[in-house]
Amino acid sequence: MNRFNGVLKLHTVSPDSKFGWMGLPWLILFSSFLINLILSMLLNKDKGLYTGGLSSIFIYMFIAGIIGVNRTFPFALGFSIRRTDYFLGTSVVFCLVSLLDAVLLYLLSFIEFNLTDNWGTQLHFFHLPYISDGNALEQVGVYFFGMLHLCFLAFVITALYRRVGMLGLYIASGIIFAPFSILTILATYYNWWGDIFNWLGQFSAFGIVLLLCPLTALYALASYGLLRKATV
Amino acid sequence: MSLLIDDSSPIFVQIAERIENDIIEGQLPEETQVPSTNQFAAFYQINPATAAKGVNLLVDQGILYKKRGIGMFVAEGARVKLMEKRRAQFFEQYIVTMVREAEKLGITLQQLTEMIQKGGKA
Amino acid sequence: MSKVVEVTRLTKAYKDVKAVDEVSFSIEEGKIYGLLGRNGAGKTTIMHIISAQLFLTGGEVKVFGETPFENEQVLSQICFIKESQKFPEIYRVQDVMEVAAALFPNWDRAYAASLIKDFNLPPRRKIKKLSRGMLSSVGIIIGLASRAPLTIFDEPYLGLDAVARSLLYDRLLEDYTEHPRTIILSTHLIDEVSKLLEHVIVIDQGKLLIDEETETLRGQAVTVVGPALKVQEFASGKKVIHREAIGSLASATLLGNVGAFERKQAQTLGLELAPVSLQQLIVQLTTDKPERKVA
């Protein structure tokens, strides 16, 4: 375990990689925010502008996860790092970044809702209904577990790629999405959507992300298993 | 990248021969210290174990001896021993070859002897 | 002398091709080994398996007495520098060094710094902007400064000019002398490096061909040149590994010790004896060339 911090260093040592984990996602988020802010200034002030721009940072974290793992795994193996240590170290990086992002997002949401009265322009960017419904801890939790889920999804996809290559990835996604597609078609045909949404509706946002946790854990386990079989 | 070591024979043999040459030519008098194996290795860019093999060859033959903690020294009587060895080799290496070559070129023994005398003076 | 690496009937098979075929050898502590052979012979595969980056399909590998896979005890003592090392492109030279410092327990910062100066590496330049030679220098510096008890270099000097290569050999010897460790050097430039090697292992088409002390191998072959018939006469009964002919002249490379008696015999026959370098020897043993006739 003594090379664990080496893996942390691996992900964060270069200024460019630090930028990739923290700088760029926030840059993207703030660009989205600015655009929406300007829009909200120009639009009708009565209704308020509710926007999904917040999702940009989540999407970008997903991409950062893929890039980060793909770039560092062969490097790590080449330096004779154990796959176990790589997995643990990378997981810790994901947790730390997700936590940091979650706390910052909560703070911005607090500023938006509680301090600046929606930036004076009725912009609802960080503080959104349903998502921001819980108490402070729950709100941070929503961001944290949501982001963690995406990070590990990125991890397992990249691990799969490293294990089975591009072709394998196509085949695997085909195999996984086939049942989903079928279920979706059936759901539409039998009108299950109403029931599904009703069932989901009983959960708060925090509840939903908690439901995602087992899935996140599954991704993590799968990533570990795949990495153990991956070669450089 | 030293051109002093070639492919003609094992390197350790060539190292030993170098040291022998230095002893015969008087550059390494008796009881003087010989460079360490690491120094040889660094100079010729060869493996230290190989250098050591060459030095040990001479130790086995009584040409060099080891002073504990200090290094390798030229043994007493080393030069004499080497001269004897070289003299024995001289006949095979030079005389036989020369006579054979002379035969090939049709030089008579008389002419050969004259040449030798001339050669010595040049 | 303890065995740092023990390879027993190692096999790596891909569907119907055997990249490595029942290779067995062992590497003893504190020596410099050469792992030689043509491209695709299987040497790189073997090194990847030793460092747990590839999985074997048959046989066994033990490093420091244990299997290397996911074994921290073993893996933290290995430094494998290869020609195709995948450094993250956006990382700078000093970033890579920082990571290496955190990963190799015996890393020597001062030594690494002095090597960076020796090889003229710009520390703040990104990997993607480095020339082939500079990239090789990064690998070499890491390999040397890691002071890993088992250090493996796979073609470490691609793109390095002769001066830089000489610098590499100097530094390698220097460090090896002061801080002995087990080193495996895999290379094409056999002659240049052969003086550094204590022991030579040659792999040909996935199989072990030679496993011998360098000095024993040296002088084990000789090339005989002269009139074709005389060469034939001299070579009969001996192991011939290479022949060439030009006009009525022929040459044959013979394997085996050529003693004083044979030398005299050659002289009598009017044949010339020429030494065979280690590189020539290995090239001729690993190439299936039909007899060549020139002009």
Side-chain angles (χ1 to χ4, degrees), chain A residues 1-24 63-90 92-93 158 161-165 223-232, chain C residues 12 14 44-45 47-56 63 68-105 107 124-128 138-139 142-143 146 148-152 154:
Chain A
M1 275 290 217
N2 57 340
R3 305 210 289 163
F4 174 71
N5 65 323
V7 182
L8 294 181
K9 258 240 166 93
L10 187 68
H11 283 290
T12 59
V13 66
S14 137
D16 274 17
S17 61
K18 290 200 254 271
F19 183 65
W21 286 111
M22 287 301 287
L24 194 54
I63 296 173
I66 293 188
I67 295 175
V69 173
N70 211 32
R71 164 201 294 153
T72 54
F73 183 61
F75 179 35
L77 267 196
F79 269 8
S80 28
I81 294 181
R82 285 195 316 168
R83 292 159 172 86
T84 308
D85 290 328
Y86 179 78
F87 171 73
L88 289 171
T90 307
V92 168
V93 172
T158 314
Y161 167 63
R162 293 238 66 103
R163 172 77 182 96
V164 298
S223 304
Y224 181 58
L226 288 166
L227 284 183
R228 272 183 77 95
K229 293 257 156 178
T231 60
V232 72
Chain C
K12 175 70 178 171
Y14 293 100
T44 305
T45 308
M47 289 185 284
H48 275 96
I49 293 176
I50 290 175
S51 56
Q53 291 177 56
L54 264 188
F55 302 113
L56 47 75
V63 181
F69 183 65
E70 290 300 280
N71 188 328
E72 187 60 11
Q73 204 83 316
V74 169
L75 290 177
S76 57
Q77 317 260 58
I78 301 180
C79 179
F80 179 16
I81 296 300
K82 51 192 161 170
E83 174 238 326
S84 59
Q85 192 76 5
K86 296 184 178 92
F87 299 119
E89 300 223 309
I90 55 162
Y91 281 30
R92 302 167 300 177
V93 170
Q94 64 188 50
D95 296 329
V96 173
M97 295 296 167
E98 271 304 311
V99 176
L103 291 178
F104 294 111
W107 183 262
R124 302 182 82 86
R125 195 170 297 178
K126 296 204 183 151
I127 293 290
K128 63 181 172 192
V138 174
I142 294 177
S146 72
L150 174 60
T151 305
I152 307 177
D154 186 7

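These numbers come from a predicted model, not from an experiment. Just so we're on the same page: letters track the sequence lines, and every chain starts at 1.
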**Q** Should C/Val138 and C/Met97 count as side-chain neighbours, where that means a heavy-atom distance under 4.5 Å?
**A** yes
**Q** Would you say that C/Lys126 contacts C/Glu89 through its side chain, given a criterion of any heavy-atom pair below 4.5 Å between the two side chains?
**A** no
**Q** Under a 4.5 Å heavy-atom cutoff, which of C/Leu54, C/Val74, C/Leu75 has the most pairs with chain A?
**A** C/Leu75
**Q** Show the atom names and distances, to 0.1 Å, of all donor-acceptor pairs under 3.5 Å that link a side chain in residues 63-80 of chain A to residues at least two apart or in another chain.
**A**
from    : atom 1 : to       : atom 2 : distance (Å)
A/Asn70 : OD1    : A/Arg162 : NH1    : 2.9
A/Thr72 : OG1    : A/Gly68  : O      : 2.7
A/Thr72 : OG1    : A/Tyr86  : OH     : 2.6
A/Ser80 : OG     : C/Ile78  : O      : 2.9

**Q** Counting C-beta onward and ignoring hydrogens, is there a side-chain heavy-atom pair between A/Arg82 and C/Asn71 closer than 4.5 Å?
**A** no
**Q** Return yes if some donor-acceptor pair links the side-chain N/O of A/Arg228 with the main-chain N/O of C/Glu70 below 3.5 Å, else return no.
**A** no
**Q** Using heavy-atom distances under 4.5 Å, tell me whether C/Ala100 contacts chain A through its side chain, its backbone, both, or neither.
**A** both
**Q** So which residues of residues 15-23 of chain A are in contact with chain C at a heavy-atom cut-off of under 4.5 Å?
**A** A/Pro15, A/Asp16, A/Ser17
**Q** Would you call C/Phe80 and C/Leu150 a side-chain contact if the rule is heavy atoms closer than 4.5 Å?
**A** no
**Q** Can you confirm whether C/Val63 sits close enough to C/Ile50 that some side-chain heavy atom of one is under 4.5 Å from a side-chain heavy atom of the other?
**A** yes
